[in-house]
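The figures that follow rest on heavy atoms only: side chains count, while hydrogens, waters and symmetry mates do not. What you see is a predicted model; the values in this text were computed from it and never measured.
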Amino acid sequence: MAVCARLCGVGQSRRCRRRQRRNQPDQGSDSDMDGEEEERIVGQTVVGVLGPEGSSDAAGPSVAHDATGDFSRANDNSLSYQDIARTGPPNPQSLLHLPPELLVEIFSSLPGTELPNLALVCKTFRQILSAETIWRRRCTEEFGMREDLRKMEVVGISSRELYVKLLHPYRNILGLWQPDIGPYGGLLNVVVDGMFIIGWMYLPPHDPRVEDPMRRRPLFRIHMWESNKAVVECMYGHKGPHTGDIQIGKKDEFSTKCNQTDHHRMPGGRQEEFRTWLEEEWGRTLEDIFHEHMQELILMKFIYTSQYDNCLTYRRIYLPPRLPSVLLQPGLFKGTYGSHGLEIVMLSFHGQHARATKLTGDPNVPAGQLTLDVDLNRPVRLPDLEHQRSVEELSRLVLGMHEEAQQEAQSPDVSPPEAVPEEVVAVTSDVEAEDLEPECSQPGPSCSAPSDTQPFVLPLGVMARNEVYPRTCKMCFYGTGLIAGHGFTSPERTPGLFVLFDEDRFGFIWLELKSFSLYSRLTDRLAHAYAPNMERFEAMLQNMQSWTS
């Protein structure tokens with residue numbers, strides 16, 4: 001604030017200005033005038049610039065009036081910077097000597113968190129900072145708000161009120177979050193949507209349609225429609241919005257609370273609630289699900305998750321930073337997990353390893369655990385189609401690499417295999433075909449001819465929830481998948497085959513389970529979601545595993 005005071009040529013009080021006049025008696029008229037006199041002259045400059053037809057001697061409103069409305073018009077539609085420079089005094093000695101339109105442009109480029117301190121410098125700055133242009137730009141650039149201004153006028157909310165009372169106080173809950181729902185987890189995306197802040201729960205498509213778009217369900221919203229302060233509403237249930245509360249505690253964590261849980265109840269009791277939930281969650285009735293074990297898992301999930309009544313604690317999660325030279329871009333994927341249905345995983349790269357971490361989970365392997373670990377140092381070259389149909393042939397190839405990996409883990413002195421060349425790791429359009437074809441890692445049937453893609457078919461006896469999977473792949477790697485008993489008992493990493501189909505799809509063959517999981521990229525645009533750096537992201541992954549271990 002002191003720096004701004006020196007720039008504008010005024011002190012923090014009238015006493016400061018009088019001291020300046022005593023110490024500098026030879027100063028010109030600009031220094032000898034009183035603060036009110038200086039602001040009056042600035043006000044005359046505003047009148048001259050904003051008068052009709054651009055006339056400098058036209059009558060016009062005062063600074064305070066123009067700062068609230070007409071500044072935006074003048075800033076957007078009237079004068080160029082050359083015109084503004086001609087209207088102001090030559091060789092301005094302070095910020096106060098600049099035309100108001102230029103001050104509005106300067107202040108509009110500052111972060112909104114700095115503007116309150118700037119308003120304390122002097123009366124003129126405080127008046128200029130009430131301009132709608134400044135706060136509208138802050139709402140747009142910092143929060144991506146694109147709301148129709150006419151709607152704001154109907155509601156009677158200014159951009160400044162929206163920023164100060166809604167967007168800024170709740171800025172720390174924007175982004176991706178994982179709810180603390182035991183082993184099931186979840187994915188919450190908090191966004192600015194018009195004049196609302198909405199928390200959307202992202203749900204996978206109905207099993208097994210892995211390539212369908214994600215489903216969204218609003219859990220809460222915050223707005224200023226009905227009062228001059230932010231109001232939190234719970235959106236859970238089937239009776240419409242009702243009162244709720246949000247508590248922002250320690251860093252990267254917040255909680256929601258519903259104050260009217262009776263709005264979540266249905267006239268038909270728990271049976272009607274279960275039938276409605278099942279239709280939304282699975283897209284079918286319980287009678288359509290013939291597998292008894294699957295029925296038990298579904299009923300268990302309903303009983304466990306419905307007890308929270310939208311009173312939940314959320315922890316922040318990040319998307320991995322985008323890095324060059326990887327097989328495909330990291331991000332979120334939907335995957336098939338047998339009787340548990342579709343689940344959401346986050347794919348990230350760590351050196352020569354690709355890892356998939358669960359964001360949603362199940363009673364066997366809960367959310368937060370590392371479901372896949374792929375060794376990019378161990379590519380697998382598939383045999384021809386006839387031999388691909390043999391699960392024994394695939395097991396021989398993968399288990400041979402699994403034994404090598406275990407021996408290296410037990411004997412650190414053994415040098416690891418040569419790293420995958422850069423041409424193989426970075427799949428780009430200009431890579432030559434021979435660069436994409438590593439030699440056969442195991443002796444056996446002859447490899448197919450070099451190509452950007454190779455035919456792919458699941459071995460006989462390997463189960464797939466979705467039989468509509470790609471019939472060509474780019475490359476394959478040895479990896480391990482995490483399996484466990486109910487309640488995450490006896491967890492074990494078992495060998496399998498990672499299959500890269502294209503930029504948006506990959507698969508994994510679980511050899512011990514004789515099962516195939518197909519993963520498809522989540523393509524939704526997610527704002528405020530990327531980790532600031534890799535160290536922050538890896539720390540978040542470690543915390544996720546500790547939440548559900």
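- Side-chain contact between Phe333 and Leu328 is present, with at least one heavy-atom pair separated by less than 4.5 Å.
- Note: Cys258 SG to Met235 CE = 12.0 Å, rounded to the nearest 0.5 Å.
- Gln388 places a side-chain N or O within 3.5 Å of a backbone atom of Pro383 that can act as its donor or acceptor partner.
- Nearest heavy atom pair, residue Ala527 against residue Asn189, reads O-OD1, 4.4 Å.
- One finds the CD1 atom of Ile173 at 8.5 Å from the CG atom of Leu188 (value rounded to the nearest 0.5 Å).
- In this structure, Tyr469 has its ring center closer than 6.0 angstrom to the ring center of Phe516.
- Taking 4.5 Å as the limit, every side-chain heavy atom of Leu497 sits out of range of all side-chain heavy atoms of Phe477.
- Here Lys250 contributes atom NZ and Glu253 contributes atom CD; the two are 4.5 Å apart, rounded to the nearest 0.5 Å.
- Closest non-hydrogen pair, Ala464 versus Leu458, comes out as CB-CD1, 3.8 Å.
- For the pair Glu280 and Arg217, the salt-bridge criterion is met [side-chain N within less than 4.0 Å of a carboxylate O].
- Listed here is the closest heavy atom pair of Pro363 and Tyr184: CG-OH, 3.6 Å.
- Across Val210 and Leu518, no two heavy atoms sit closer than the pair CG2-O, 3.6 Å.
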Is there a ring pair (Phe, Tyr, Trp, His ring centres under 6.0 Å) between Tyr519 and Phe506 once you walk through the steps?
-> CA-CA 5 Å; Tyr519 299 83; Phe506 65 88; 4.6 Å; yes
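- Electrostatic pairing of Asp252 and Arg316 counts as a salt bridge here, judged by a charged N lying under 4.0 Å from a carboxylate O.
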Hey, mind stepping through Asp362 and Glu343 against side-chain contact (heavy atoms from CB on, under 4.5 Å) and telling me if it holds?
-> CA-CA 9 Å; Asp362 51 69; Glu343 297 184 7; 2.6 Å; yes
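- Between the CG atom of Asp180 and the OG atom of Ser255 there is a distance of 9.5 Å, given to the nearest 0.5 Å.
- Although no hydrogens or angles enter the test, the distance criterion places a donor-acceptor pair under 3.5 Å between the side chain of Thr256 and the main chain of Asn310.
- Judged purely by atom type and a 3.5 angstrom limit, Lys334 uses its side chain to pair as donor or acceptor with the backbone of Asp212.
- Two residues are said to be in side-chain contact when any heavy atoms from C-beta on lie closer than 4.5 Å; Cys139 and Val192 fail this criterion.
- Side chains of Asp373 and His353: a donor on one and an acceptor on the other come within 3.5 Å.
- The existence of a salt bridge linking Arg378 and Glu408 is confirmed by a sub-4.0 Å separation between a basic side-chain nitrogen and an acidic carboxylate oxygen.
- The 12-atom threshold is exceeded at CD of Gln307, counting heavy atoms of other residues, nucleotides or ligands nearer than 6.0 Å.
- The closest side-chain donor-acceptor pair between Arg137 and Ser108, if any, does not fall under 3.5 angstrom.
- Annotation: cation-pi geometry satisfied between Lys358 and Tyr337 (NZ/CZ under 6.0 angstrom from ring centroid, within 45° of ring axis).
- At least one donor-acceptor pair closer than 3.5 Å links the side chain of Glu503 to the backbone N or O of Gln329.
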What's the verdict on side chain to side chain donor-acceptor pair (under 3.5 Å) for Ser306 and Arg270, showing C-alpha distance, side-chain angles and the deciding distance?
-> CA-CA 10 Å; Ser306 62; Arg270 296 288 280 176; 3.1 Å; yes
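- When all heavy atoms of Tyr170 and Ala230 are compared, the closest pair comes out as CE1-CB, 3.9 Å.
- Residue-environment remark: NZ (Lys239) exceeds the threshold of 12 foreign heavy atoms within 6.0 Å.
- Rounded to the nearest 0.5 Å, atoms CG (Leu526) and CG (Leu187) are 7.0 Å apart.
- Arg521 and Asp502 are not joined by a salt bridge, as no carboxylate oxygen comes within less than 4.0 angstrom of a charged side-chain nitrogen.
- Using the six-membered ring where Trp is involved, Phe274 and Trp277 have ring planes that are parallel, under 30° apart on the 30 and 60° scheme.
- When atom types are taken as modelled, the side chain of Glu512 and the backbone of Gly496 share no donor-acceptor pair closer than 3.5 angstrom.
- Remark: Arg396 engages Glu393 in a salt bridge, criterion side-chain N to carboxylate O under 4.0 Å.
- For His206, the ring-ring contact (aromatic ring centres under 6.0 Å, His included) test picks out no residue, with sequence neighbours left out.
- Using modelled atom types, no side-chain atom of Glu142 and backbone atom of Pro111 make a donor-acceptor pair closer than 3.5 Å.
- Ring pair His168/Tyr163 is parallel by interplanar angle, where below 30° counts as parallel and above 60° as perpendicular.
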Take Asp309 and Arg265 through the salt bridge (charged side-chain N to carboxylate O under 4.0 Å, His left out) test and state the conclusion after the steps.
-> CA-CA 10 Å; Asp309 269 336; Arg265 308 283 79 85; 3.1 Å; yes
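- Side chains of Leu319 and Pro330 form no contact here, defined as non-hydrogen atoms less than 4.5 Å apart.
- A side-chain donor from one of His350 and Ser348 sits under 3.5 Å from a side-chain acceptor of the other.
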Could you walk me through whether Arg389 and Glu386 pass salt bridge (charged side-chain N to carboxylate O under 4.0 Å, His left out), step by step?
-> CA-CA 6 Å; Arg389 298 181 185 276; Glu386 180 180 352; over 6 Å; no
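- Side-chain contact of Arg465 with Ser515: a donor-acceptor pair under 3.5 Å is absent, judged by distance alone.
- Side-chain contact check for Trp282 versus Ile298: some heavy-atom pair is nearer than 4.5 Å.
- Checked against ring-ring contact (aromatic ring centres under 6.0 Å, His included), His264 has the following partners two or more places apart in sequence or in another chain: Tyr236, His242.
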Let me see the working for Asn364 and His340 under side chain to side chain donor-acceptor pair (under 3.5 Å), right down to the final yes or no.
-> CA-CA 9 Å; Asn364 291 79; His340 299 295; 3.2 Å; yes
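- Take Glu211 and apply the salt bridge (Lys or Arg N to Asp or Glu O under 4.0 Å) test, not counting sequence neighbours, and it matches Arg505.
- Thr313 contributes atom OG1, which lies 12.5 Å from atom CD of Gln178 (distance to the nearest 0.5 angstrom).
- Arg215 places a side-chain N or O within 3.5 Å of a backbone atom of Pro204 that can act as its donor or acceptor partner.
- Residues Arg381 and Met475 form no side-chain contact, since every pair of their non-hydrogen atoms from C-beta on lies 4.5 Å or further apart.
- At distances below 3.5 Å, at least one donor-acceptor pair connects side-chain atoms of Asn533 with backbone N or O atoms of Arg536.
- Checking Glu492 against Thr494 by side-chain atom types alone, no donor-acceptor pair falls below 3.5 Å.
- Put simply, the side chain of Thr276 never gets that close to the backbone of Glu273: no donor and acceptor are under 3.5 Å apart.
- Thr360 places none of its side-chain heavy atoms less than 4.5 Å from the side chain of Leu203.
- Counting heavy atoms from C-beta on, the side chains of Arg216 and Tyr202 come closer than 4.5 Å.
- Aromatic rings from Tyr318 and Phe537 are positioned such that their centres are separated by 6.0 Å or more.
- Taking both residues in full, the closest heavy atoms of Leu399 and Pro495 are given as CD2-CG, 3.6 Å, listed atom of the first, atom of the second, then distance.
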